[in-house]
Structures are given as structure tokens and as C-alpha cells.
Amino acid sequence: MSSAVPADDPPADDDLPRADAGATITPYRDGPLIVRGDFRLVDQDGAEIDPGRRTVALCRCGKSGIKPFCDGSHKRSGFSAPSAPSRPRPAATILRSAQRPGGAPQE
């Protein structure tokens, strides 16, 4: 299988409008990270990995035979992960409170 989104996951849409913000990364419940838009993919040494397209599925389960891309192995392995964090990350809370007028955390 290629770096495309597995057939029963949401379809990859390479024709999405380009956003100035760059890429959008969507973690799918019990599945891969879908990356859409303008992005650069590099390995830990900084060498560029050519994704071959503007929308890719990145493995989260660690079982893919074509890492870092998803090949659908998460379904066979029983991988389970939510689409969103179960609780906010502390840094995100601090950042949000700093952006509020007055900078005080909301209670």
C-alpha cells in the first residue's frame, strides 16, 4: 500500500484550498495522523522525506511497514487512540491565558 490514506479512512483530498497557515494535522480516532497542505517532512537527521503528495497519512500505531506513512496496520493490530487529548496540555492552557486581556487565567 502507498502513503495514501487507507481506503476505509476519510479520503485524502489533495484539492483542498491552500491555507496561508501551512499544514493541517488531524489525528483520526484509532488511526493515523492526516497531514494536509504545505508541509516539509524530514527524518531525525534533517534529511527530507518526499511524501509525493499534499495529503498523507502518518502512522501512529508503530506497526506500519512503510513508516512514517500509514499502511492500515492499525486496524489489524487493534491500535486505540482518541482523536483529541483527554485533557488540555499545560502549555496550551498557559498560552491561552496569556492571550486573554489582562493575562490572568480564567477560573
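Count residues from 1 along the sequence.
The shortest side-chain heavy-atom distance between I34 and T55 falls under the 4.5 Å cut-off. Side-chain atoms of L58 and C70, non-hydrogen and from C-beta on, never get closer than 4.5 Å to each other.
Put simply, the side chain of K63 never gets that close to the backbone of S77: no donor and acceptor are under 3.5 Å apart. Judged by distance alone, the side chain of D38 and the main-chain N or O of G22 form no donor-acceptor pair under 3.5 Å. Judged by distance alone, the side chain of S64 and the main-chain N or O of F69 form a donor-acceptor pair under 3.5 Å. When atom types are taken as modelled, the side chain of R60 and the backbone of Y28 share a donor-acceptor pair closer than 3.5 angstrom. Between the side chain of S83 and the main chain of P27, a donor-acceptor pair closer than 3.5 Å is present. Looking only at distances, no side-chain donor or acceptor of R29 sits under 3.5 Å from a matching main-chain atom of P82.
Of all non-hydrogen atoms in D30 and S80, the two that sit nearest each other are OD1-CA, 3.3 Å. Of all heavy-atom pairs spanning P32 and H74, the tightest one is CD-CE1, 3.8 Å.
Annotation: side chain to side chain contact (heavy atoms under 4.5 Å, CB included) contacts of D50 (sequence neighbours excluded): none. Scored by the side chain to side chain donor-acceptor pair (under 3.5 Å) test, S73 finds D71, R76 as partners (sequence neighbours excluded).
Here the CZ-OG1 distance, from R36 to T26, works out to 5.5 Å after rounding to the nearest 0.5 Å.
In this structure, F39 is a member of the same hydrophobic cluster as I66, with clusters built from ILVMFWY side-chain heavy atoms closer than 4.5 Å.
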